[in-house]
Amino acid sequence: MSQASEEGGFALGRALGFWWQVLRARPIGFVIASVFQAVITAGASVWMLAMTAGPSLAYFEALEASGGQVTPEAIGLMGQQQLTLWAGVVITLVAFTFSEAVWLRLFAKGRTRILPTGGDELRVFFILLITFGGMFALLLLAAILAAVLGGIAGATIGAAGGVLIGALIGIAGFVAVIWFGVRATPAAGLSVARGRFAFGSAFARSARIFWPLLGALFVALLIYIIGVIAIMALAVFIPGPVGPLIAASLDLNAAINDPSLQYRLIQEALDQPGGFLALWFGYAVMALLYSPIMAMWRGIGVRAALDFDAENETP
């Protein structure tokens, strides 16, 4: 594909509307992917909540019993809490990987398949690791440089100069993270479309469409924020324990005054007969509501990838 067609093929409106194009062309596949994502990601989320609620409550109770003092017992419970939290994160990441592979097969190849292929899931998983790992590494590097160089500047030219240097490095780090994330956006879609790992190719070729790609992602972010606000407002009315849980999460004063509130609500829900399934149902409903927003976000990267490889274009 020529460079001119690569540069001219990607357009903001076309990218933002690609999810709707897929929905109109393959509505059954879109519904299947939405339901599959809702079922497995909600299940993983509730499993993580079930794993972390008990250790988290025990930690907060130990902290309260000691009058806010961090005792050896509290430290041990905090370690257990963090261990279960990270285990839950891994489970959630695996579930997200499987659901994302289903979506990308639909968007990039026009195929509806929920059974794992192995290759697509591994490619998506490693691209997620590289993308978020790279963004985290850039943030960490910026934080280290800001602390070291800001400290040196503060000792040589004064505190104000040190703060300024640290702030500028922090801003540069934030810009670098955005740059890396935008450049990596088409990688998963291109890898699934080609049937092989294509992070390097996507990262290199996205340089030519960086600004329209950034613009599309920025508009999608604004729509996502509006969508999240609307969905959270609706979620409080979901039958079962999820509604009160969402309402509690939106009450910042309650969260500050009682950090264990959400964990207590989760544990109380899990202790009820059918509590796990009730939580699962509520989170699945939320996941279904999120599907169009996430599909739009996903479609931007896939649209860019398909413009790189016109022979794979769908629908």
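The shortest side-chain heavy-atom distance between Leu213 and Phe210 does not fall under the 4.5 Å cut-off. Using a 4.5 Å cut-off on side-chain heavy atoms (C-beta onward), Phe98 and Val94 make contact. Looking only at side-chain heavy atoms (C-beta outward), Trp103 and Phe30 come within less than 4.5 Å of each other. Looking at heavy atoms from C-beta onward, Trp20 lies out of side-chain contact with Met296 at the 4.5 angstrom threshold. Residues Trp280 and Leu277 have side chains in contact (heavy-atom distance under 4.5 Å, counting atoms from C-beta outward). Between Leu279 and Pro241, the closest side-chain pair of non-hydrogen atoms falls below 4.5 Å. The side-chain heavy atoms of Ile293 and Ile231, taken from C-beta on, include a pair separated by under 4.5 Å. Counting only heavy atoms from C-beta outward, the side chains of Ile266 and Ser56 never approach each other to under 4.5 Å.
Between Phe18 and Phe107, the ring planes are perpendicular. Angles over 60° get that label, and only those under 30° would be called parallel.
Placement of Leu129 and Leu104 within a single hydrophobic cluster is found when ILVMFWY residues are connected by side-chain heavy-atom separations under 4.5 Å, directly or transitively.
Here the OH atom belonging to Tyr283 is positioned 9.5 Å from the CD1 atom belonging to Ile238, to the nearest 0.5 angstrom. Once rounded to the nearest 0.5 Å, the distance linking CZ of Phe126 with CZ of Phe197 reads 8.5 Å.
Under the ring pair (Phe, Tyr, Trp, His ring centres under 6.0 Å) criterion, Trp19 pairs with no residue, sequence neighbours left out. For Ser191, the side-chain hydrogen bond (donor to acceptor under 3.5 Å, both in side chains) test picks out no residue, with sequence neighbours left out. Arg111 pairs by the salt bridge (charged side-chain N to carboxylate O under 4.0 Å, His left out) definition with nothing, not counting sequence neighbours. For Thr131, the side-chain hydrogen bond (donor to acceptor under 3.5 Å, both in side chains) test picks out no residue, with sequence neighbours left out.
For Ala193 against Lys109, the heavy-atom pair with the smallest separation is O-CE, 3.9 Å. When all heavy atoms of Leu115 and Arg105 are compared, the closest pair comes out as O-NH2, 3.6 Å.
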Donor-acceptor list for residues 163-183 side chains, cut-off 3.5 Å, not counting sequence neighbours:
{"from": "Arg183", "atom 1": "NE", "to": "Phe203", "atom 2": "O", "distance (Å)": "2.8"}
{"from": "Arg183", "atom 1": "NE", "to": "Ser206", "atom 2": "OG", "distance (Å)": "3.2"}
{"from": "Arg183", "atom 1": "NH2", "to": "Phe203", "atom 2": "O", "distance (Å)": "2.6"}

Give the table of side-chain donor-acceptor pairs shorter than 3.5 Å for residues 140-152, with sequence neighbours excluded, one pair per line with atom names and distance.
none

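Looking at Asp120 and Arg113, no side-chain N of the basic residue comes within less than 4.0 Å of a carboxylate O on the acidic one, giving no salt bridge. With respect to the salt-bridge test (charged N to carboxylate O, under 4.0 angstrom), the residues Glu100 and Arg123 do not qualify.
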Open item on the list: Is there a side chain to side chain contact (heavy atoms under 4.5 Å, CB included) between Glu268 and Asp271? Walk through the geometry before answering.
Closed with: CA-CA 5 Å; Glu268 289 173 357; Asp271 290 340; 5.5 Å; no
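Side chain of Gln80 to backbone of Gly76: no donor-acceptor contact under 3.5 angstrom is found. Panel note: side chain Arg26, backbone Gly110; a donor-acceptor pair is recorded below 3.5 Å. Listed for the Arg205 side chain is a donor-acceptor partner under 3.5 Å among the backbone atoms of Phe308.
Shown here is Ile28, whose CD1 atom has no more than 12 heavy atoms of other residues, nucleotides or ligands within 6.0 Å.
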